[in-house]
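Position 1 is the first residue of the sequence, and the numbers go up from there.
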Amino acid sequence: MPWDLIPLNSGYSIPSLAYGTGSLGSGQWPIDQLTQAFDTGFYHIDTAQLYGNEAEVGITIGQLGLERSDVFITTKFSGSNGLNIPTSIRNSLEYLNTSYVDLYLIHSPDLAVPDIPTVWSQMEKVQEAGLARSIGVSNFNEKQLEILLSSAKIKPAANQIYLHPYNYQQQSPTMEYAARYDIVIEAYGALTPVTSEPGGPVDAPLNEIAKRLRATTDQVLLAWIKAKGAVVVTTSSKKARLLSYLSAGNLGLSAEDVKRIDIAGAIGEKGITVRHGLRKLGVGVLFGILILVACSYFKGRGKRSNVVKVLERN
């Protein structure tokens with residue numbers, strides 16, 4: 001099997017390739033896309049309260065007649081409609097038409113209200129009640145994980161984060177901290193260098209490695225995530241791409257390949273940081289200019305109004 005199971009600290013295992021539903025929306029489209037994903041060979045589905053398609057996941061599994069044990073379901077508490085964790089998990093289970101999820105995550109540390117320990121204790125009760133086999137977090141950094149672990153009875157099994165070569169250095173402290181406590185990293189956004197940030201330093205090693213291995217750059221990026229020991233969360237509406245993602249698990253990147261991508265990513269990360277900073281500066285300058293123009297305009301209008309009043313009196 002190209003994409004291996006990764007052991008979780010809860011005693012269960014997680015498939016290392018997941019099909020994400022975050023961009024699918026609701027209705028017939030996600031049902032069609034999920035059907036294609038299952039038919040292609042995906043059996044780890046990553047959804048969330050926020051995505052609005054938990055029901056479609058449940059419908060698809062039912063329509064295909066899949067056994068519950070054949071599917072790994074991850075969903076997330078997103079704080080939708082102001083609902084708390086006990087209510088949210090039960091709603092999610094009803095939508096998914098299942099008695100438990102394999103992994104239940106807090107979608108963001110911003111949802112930890114009033115604080116991380118209080119919210120995590122609610123997550124622990126979800127697992128203790130058998131509503132989730134494993135529990136975890138998403139988008140937590142190492143400091144937030146430290147706060148969580150300081151009072152936790154149950155360690156988070158996973159932390160799903162935004163991860164690709166251009167932010168690997170930034171995410172390294174979180175990944176190292178997670179590894180210290182046997183918390184599995186899940187990665188979304190792995191294809192960012194070819195989808196959102198093309199033309200950067202990572203392109204050169206990606207293209208060379210892809211050519212040598214007779215693979216696509218997408219496959220090399222997924223193999224890079226796998227080499228980091230992380231679970232890949234990805235998606236596509238094209239069956240050919242889904243098949244290529246599955247076969248990416250067979251790519252054997254050398255230590256040198258991984259290092260070259262790491263180095264290029266670090267170089268690109270600095271450039272992207274500067275570029276994004278300049279964009280923010282540019283927006284700020286433009287906003288400032290607009291304010292000055294507006295002030296000048298209304299100041300001018302005020303002067304013209306005063307002149308008109310004087311002329312009318314005369």
Side-chain angles (χ1 to χ4, degrees), residues 6-14 18 20-22 44 46-52 54 72-93 95-96 100-164 167-189 225 228-231 233:
I6 297 177
L8 297 172
N9 60 34
S10 60
Y12 293 95
S13 294
I14 184 171
T21 70
H44 176 181
D46 182 275
T47 185
Q49 186 182 36
L50 178 66
Y51 303 161
E54 291 174 311
F72 189 101
I73 301 175
T74 295
T75 194
K76 310 175 191 76
F77 164 68
S78 308
S80 299
N81 300 318
L83 299 176
N84 60 20
I85 287 175
T87 303
S88 294
I89 182 60
R90 293 194 179 278
N91 286 349
S92 291
L93 294 177
Y95 291 140
L96 291 163
Y100 70 94
V101 292
D102 296 279
L103 180 61
Y104 193 48
L105 307 177
I106 300 174
H107 211 155
S108 166
D110 295 336
L111 297 169
V113 179
D115 53 52
I116 291 174
T118 300
V119 171
W120 186 249
S121 68
Q122 295 174 12
M123 292 290 286
E124 291 175 328
K125 290 175 183 176
V126 168
Q127 182 169 331
E128 290 166 350
L131 305 180
R133 288 185 166 179
S134 305
I135 52 175
V137 295
S138 182
N139 300 306
F140 273 52
N141 60 33
E142 68 277 14
K143 292 180 181 177
Q144 290 157 343
L145 288 174
E146 184 178 9
I147 292 171
L148 187 157
L149 289 170
S150 66
S151 62
K153 294 187 296 181
I154 301 173
K155 291 191 297 185
N159 182 19
Q160 188 175 125
I161 61 174
Y162 183 46
L163 180 64
H164 54 81
N167 76 344
Y168 174 60
Q169 277 198 326
Q170 176 187 335
Q171 295 285 32
S172 288
T174 297
M175 296 175 70
E176 291 167 5
Y177 189 87
R180 205 179 312 158
Y181 291 96
D182 297 320
I183 300 170
V184 169
I185 291 294
E186 295 187 275
Y188 67 88
I225 292 288
K228 297 299 180 184
V231 173
V233 180

Taking Asn159 for the side chain and Gly136 for the main chain, is one N or O donor matched with an acceptor at less than 3.5 Å? no
Can Val231 and Val184 be said to form a side-chain contact (heavy atoms from CB on, under 4.5 Å), step by step? CA-CA 8 Å; Val231 173; Val184 169; 3.9 Å; yes
Are the side chains of Pro156 and Leu105 in touch, meaning some heavy atoms are under 4.5 Å apart? no
Spacing of NZ belonging to Lys125 relative to CD1 belonging to Ile154, to within rounding of 0.5 Å: 11.5 Å
To the nearest 0.5 Å, what is the distance between CD1 on Ile185 and OG1 on Thr174? 7.0 Å
Residues at least two apart in sequence or cross-chain that pass side chain to side chain contact (heavy atoms under 4.5 Å, CB included) with Ser151, listed by chain then number, are Pro117
Spacing of Met175 atom CE and Leu163 atom CG [to the nearest 0.5 Å]: 5.0 Å
Give a yes or no answer on whether the side chain of Glu124 reaches the backbone of Lys153 with a donor-acceptor pair at less than 3.5 Å. yes
Residues two or more places apart in sequence or in another chain: which of them pass ring pair (Phe, Tyr, Trp, His ring centres under 6.0 Å) with Tyr188? Tyr162
Are Val101 and Ile89 side-chain neighbours, meaning at least one heavy-atom pair lies under 4.5 Å? yes
Sub-3.5 Å donor-acceptor pair from the side chain of Asn141 to the main-chain atoms of Lys143, do we have one? yes
Is there a donor-acceptor pair under 3.5 Å between the side chain of Asn9 and the backbone N or O of Asp182? yes
Mind checking ring pair (Phe, Tyr, Trp, His ring centres under 6.0 Å) for Tyr177 and listing every partner two or more places apart, or none if nothing turns up? Tyr181
Going from CG on Asn84 to CG on Leu111, what distance comes out if it is rounded to the nearest 0.5 angstrom? 12.5 Å
Would a distance-only check, ignoring hydrogens and angles, find a side-chain to backbone donor-acceptor pair under 3.5 Å from Gln49 to Ser92? no
Are side-chain N/O atoms of Thr47 and Glu54 paired as donor and acceptor at under 3.5 Å? no
Let me see the working for Lys228 and Gln171 under side-chain contact (heavy atoms from CB on, under 4.5 Å), right down to the final yes or no. CA-CA 12 Å; Lys228 297 299 180 184; Gln171 295 285 32; over 6 Å; no
Steps toward side-chain contact (heavy atoms from CB on, under 4.5 Å) verdict (Trp120, Ile147): CA-CA 10 Å; Trp120 186 249; Ile147 292 171; over 6 Å; no
Interatomic spacing from NZ in Lys76 to OG in Ser88 - rounded to 0.5 Å: 14.0 Å
Measuring from Leu8:CG to Arg133:CZ, what's the distance to the nearest 0.5 Å? 11.5 Å
Backbone N or O of Leu103 within a donor-acceptor pair of the Ser134 side chain at under 3.5 Å? no
For Tyr104, which of Leu93, Val126, Thr74 qualifies under side-chain contact (heavy atoms from CB on, under 4.5 Å)? Val126
Is the number of heavy atoms from other residues, nucleotides or ligands within 6.0 Å of CZ (Arg90) greater than 12? no
Pairing residues for Glu146 by the salt bridge (Lys or Arg N to Asp or Glu O under 4.0 Å) criterion, not counting sequence neighbours: none
Test side-chain contact (heavy atoms from CB on, under 4.5 Å) applied to Phe77 and Gln122, step by step: CA-CA 11 Å; Phe77 164 68; Gln122 295 174 12; over 6 Å; no
Taking ring pair (Phe, Tyr, Trp, His ring centres under 6.0 Å) as the definition, give me every residue that meets it alongside Phe140, ordered by chain and number, with sequence neighbours left out. none
Can you list the residues that meet the ring pair (Phe, Tyr, Trp, His ring centres under 6.0 Å) rule with Tyr100, with sequence neighbours excluded? none
